[in-house]
Amino acid sequence: MEIRHVFFEKKSKIFKFFFGKSLILGCAGLFLMFSFGFQAWWGFWAHRRINRLAVFRLPPGMQYFYKKHIDYLTENAVNPDRRRYAVVGEAERHFIDLDVYGDSASVLPKFWPAAVKKIGEDSLRKHGIVPWHIQTACFQLTEAFKDKDPKRILSISADLGHYIADANVPLHTTRNYNGQLTKQDGIHAFWESRLPELYAVDYDLWIGQATYVDNVSEAVWTAVNRAHAASDSVFLLERQLSESFAHDKKFSYEPRNNVLVRTYSEDFSRAYHERLKGQVQRQMRSSVEMVGNLWFTCWINAGQPDLSEMNNFSFNETDKKAEAAEQRSWWRRLLHIRSESEY
C-alpha cells in the first residue's frame, strides 16, 4: 500500500536512519519528524475547526448532546490521521486518485459492492476509497444512533467529520497529491495547512442549520468531483506565481515547535491565496456544511432517537485510559516499539 504523506515520501531515508538506530536516536528522530514537516492533511487545526463548527449547525434535538461533547469531537477529529501510519487499511480512507481512472472516473460505481465487482477491491484500495468509506461511516453512525450508544456516536461522528473534510480537498483526488509529478513538491501542506493557518481566521464559515440529505451517495460523489475539478487551478496558479517570484522570496524560515523551519513566505502565500480567489474558504465551508448535514441525516435515518436520554453520559476514567492505550498502540505499531512484557 502506498503511504500518502509528504514526510514519508520525501524523508524516508532520514526516517530509517533515526528509527533504525538506538532508542535515543529514535526519540531524536521522532522530535525532528514533528518539527520538520509531519503535517496532517487539511492540517490538525483545520480538521478540528471543521468538526467544531459543524456542531453549531445541528438542530436542538441533537445540539445539546453534541455541544456537551464538543471538545471530544474537536480533539478527536484528527484521530484518523494519527492512525494512518499504524493501522492497516486506514490510509486508503483519506483519498481517491480520480485521474487514475481517466474518462471512466465519471462512471465509477457509486456503491462499494458494485465498484468491487467492476474494478476489484485491491485496485480500489490502492487508489483510495474515501467516497465509499464515507457512505460506510454514515451507515455505522446511523446504527449507533439506533442503538443509542453514546461512545460509538461520538467516535464515529468525529471520524466521519475527518473523512468528509478530506474528500473536499482537491489534492486528495489526484495521484499528483503533493505535486511530486510536476516538480511542485510541498504544495499539499502549503494549500491545506499553511494557507488556512494564515488566513482562515478571516473566513466566513458560519452556515445555517443542517439540512437532510436525500441521497448520501450522490452528495458525497458531488463533493469529491467538485474538489477534483478545482485541482487543476491548484497546480496551475502555483506554477504561474512561482515563475514570477524570485526563489529567495518564495520561501522563508520561521520558528515552529522551537525549531527554525523552511516554509512558504508570507508574501508568496498571500499572493497565491489571492489568486485562488477564495478556493480554500469554499472547500472549508463545503466541509463544515457536509459534516453537519450528514450527522443530521444519520440521526433522521435512525428515527430521531431522543438524545436527551444520554445527557448524563460522560467518558469515565476507564474510557480515557482505554483511549490513551489505543493511541499508544498506534505509536508502537508505527515505531515497532515493544512493551516491557515482550523483552
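As a basis for the values below, the full set of heavy atoms in this structure was taken, side chains included, without hydrogen atoms, waters or symmetry mates. All figures in this text were calculated on a predicted structure; none of them were measured in a lab.
Proximity of Asn301 to Lys146: side-chain heavy atoms (C-beta onward) are nowhere separated by under 4.5 Å. When side chains are defined from C-beta on, Leu294 counts as touching Ile134, because their heavy atoms get closer than 4.5 Å. Looking at Ser193 and Phe44, their side chains never come closer than 4.5 Å, going by heavy atoms from C-beta outward. Here the side chains of Gln209 and Leu58 are not in contact, with every heavy-atom distance at 4.5 Å or above. In this structure, His162 and Asn79 have side chains that are not in contact, with every pair of non-hydrogen atoms separated by 4.5 Å or more. Side-chain contact between Leu171 and Phe235: present, with at least one pair of heavy atoms (C-beta onward) separated by less than 4.5 Å.
In this structure, the side chain of Asp99 does not engage the main chain of Thr174 through any donor-acceptor pair within 3.5 Å. The closest donor-acceptor contact from the side chain of Glu192 to the backbone of Val280 lies at 3.5 Å or more, if one exists at all. Put simply, the side chain of Arg285 gets close to the backbone of Asp204: a donor and an acceptor are under 3.5 Å apart. Side-chain N or O atoms of His47 include none that pairs as donor or acceptor with a backbone N or O of Val78 at under 3.5 Å. A donor-acceptor contact shorter than 3.5 Å links the side chain of His172 to the backbone of His94. Within the 3.5 Å criterion, the main-chain N or O of Ser157 finds a donor-acceptor partner in the side chain of Trp295. For Arg93 (side chain) and Val130 (main-chain N/O), no donor-acceptor pair under 3.5 Å exists by modelled atom type. The backbone N or O of Thr211 lies less than 3.5 Å from a partner atom in the side chain of Asn293, making a donor-acceptor pair. A donor-acceptor pair is defined here as one N or O able to donate and one able to accept, closer than 3.5 Å; such a pair exists between the side chain of His188 and the backbone of Tyr177. At least one donor-acceptor pair under 3.5 Å links the side chain of Thr74 to the backbone N or O of Ile70.
Hydrophobic cluster membership is shared by Phe56 and Tyr212, with clusters built from Ile, Leu, Val, Met, Phe, Trp and Tyr side chains linked at under 4.5 angstrom. Residues Val107 and Val100 fall into different hydrophobic clusters, defined by Ile, Leu, Val, Met, Phe, Trp and Tyr side chains chained together at heavy-atom separations under 4.5 Å. Both Trp45 and Leu198 belong to a single network of hydrophobic side chains, linked directly or stepwise wherever heavy atoms of I, L, V, M, F, W or Y lie under 4.5 Å apart. If you chain together hydrophobic residues whose side chains sit under 4.5 Å apart, Val288 and Val201 never meet in one group.
Shown here for Tyr253 and Leu260, the closest heavy-atom pair between the two residues is CB-CG, 3.8 Å. For the pair Cys138 and Val216, the tightest heavy-atom approach, listed with the atom from each and the gap, is SG-CG1, 4.0 Å. Scanning both residues, Gly128 and Ile96, for their nearest heavy atoms gives O-CG1, 3.7 Å. Among all heavy-atom pairs drawn from Glu266 and Tyr199, the shortest one is O-OH, 3.7 Å. Taking both residues in full, the closest heavy atoms of Gly292 and Ala210 are given as O-CB, 3.6 Å, listed atom of the first, atom of the second, then distance. Among all heavy-atom pairs drawn from Pro150 and Phe65, the shortest one is CB-CZ, 3.9 Å.
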Next on the checklist: side chain to side chain contact (heavy atoms under 4.5 Å, CB included) for Phe95 and Val169? Distances and angles first, verdict last.
Outcome noted: CA-CA 9 Å; Phe95 69 95; Val169 175; over 6 Å; no
Checklist entry - Could you walk me through whether Arg194 and Glu197 pass the salt bridge (charged side-chain N to carboxylate O under 4.0 Å, His left out) check? => result CA-CA 5 Å; Arg194 178 68 166 163; Glu197 286 172 5; 5.5 Å; no
Checklist entry - Can you list the steps and then say if Leu307 with Tyr64 is a side chain to side chain contact (heavy atoms under 4.5 Å, CB included)? => result CA-CA 8 Å; Leu307 302 187; Tyr64 181 84; over 6 Å; no
Checklist entry - Yes or no on side chain to side chain contact (heavy atoms under 4.5 Å, CB included) for Ser269 and Leu195, after CA distance, side-chain angles and deciding distance? => result CA-CA 7 Å; Ser269 299; Leu195 296 183; 4.0 Å; yes
Item to check | Leu53/Ile207 under side chain to side chain contact (heavy atoms under 4.5 Å, CB included): CA gap, chis, key distance, verdict | outcome: CA-CA 9 Å; Leu53 290 176; Ile207 306 170; over 6 Å; no
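To the nearest 0.5 Å, atoms CG (Leu154) and CG (Asn76) are separated by 9.0 Å. Atom OH in Tyr163 sits 4.0 Å away from atom NE2 in His133 (nearest 0.5 Å). With values rounded to the nearest 0.5 angstrom, Ile164 atom CD1 is found 8.5 Å from Ser287 atom OG. Put simply, CG on Leu98 and CG on Asn225 are 6.0 Å apart, with the number rounded to the nearest 0.5 Å. Trp221 contributes atom CH2, which lies 4.0 Å from atom CH2 of Trp132 (distance to the nearest 0.5 angstrom). Rounded to the nearest 0.5 Å, atoms CZ (Phe111) and OG (Ser217) are 4.0 Å apart.
Partners of Gln140 under the side chain to side chain donor-acceptor pair (under 3.5 Å) rule, at least two apart in sequence or in another chain, do not exist in this structure. Under the side chain to side chain contact (heavy atoms under 4.5 Å, CB included) criterion, Ala144 pairs with Arg152, Ile153, Ile156, sequence neighbours left out.
Under the side chain to side chain donor-acceptor pair (under 3.5 Å) criterion, the residue pairs touching residues 274-283 are Trp191-Gln279, Ser233-Gln279, with sequence neighbours excluded. Note on residues 109-118: no pairs pass side chain to side chain donor-acceptor pair (under 3.5 Å), not counting sequence neighbours. Listed by first and then second residue, the salt bridge (Lys or Arg N to Asp or Glu O under 4.0 Å) pairs involving residues 301-314 are Lys148-Glu309 (not counting sequence neighbours).
With Glu92 as the partner, the salt bridge (Lys or Arg N to Asp or Glu O under 4.0 Å) test is satisfied by one option alone out of Arg83, Arg84, Lys126, Arg125: Arg125.
Aromatic ring pairs are classed by plane angle as parallel below 30°, tilted from 30° to 60° and perpendicular above 60°; the pair Phe145 and Tyr66 is tilted. Using bins of under 30°, 30° to 60° and over 60° for the plane-to-plane angle, the ring pair Phe313/His69 lands in the tilted bin. Using cut-offs of 30° and 60° on the angle between ring planes, the pair Tyr272 and Phe190 is parallel.
The environment of Phe139 atom CZ is sparse: at most 12 non-hydrogen atoms of other residues, nucleotides or ligands sit within 6.0 angstrom. Counting heavy-atom neighbours within 6.0 Å of Glu254 CD, excluding the residue itself, gives a total above 12.
For the 3.5 Å distance criterion, the side chains of Asn168 and Ser286 qualify, holding a donor opposite an acceptor.
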Give the table of side-chain donor-acceptor pairs shorter than 3.5 Å for residues 243-252, with sequence neighbours excluded, one pair per line with atom names and distance.
residue	atom	partner	partner atom	Å
Ser244	OG	Leu241	O	2.9
Lys250	NZ	Glu238	OE2	3.0
Lys250	NZ	Ser242	OG	2.8

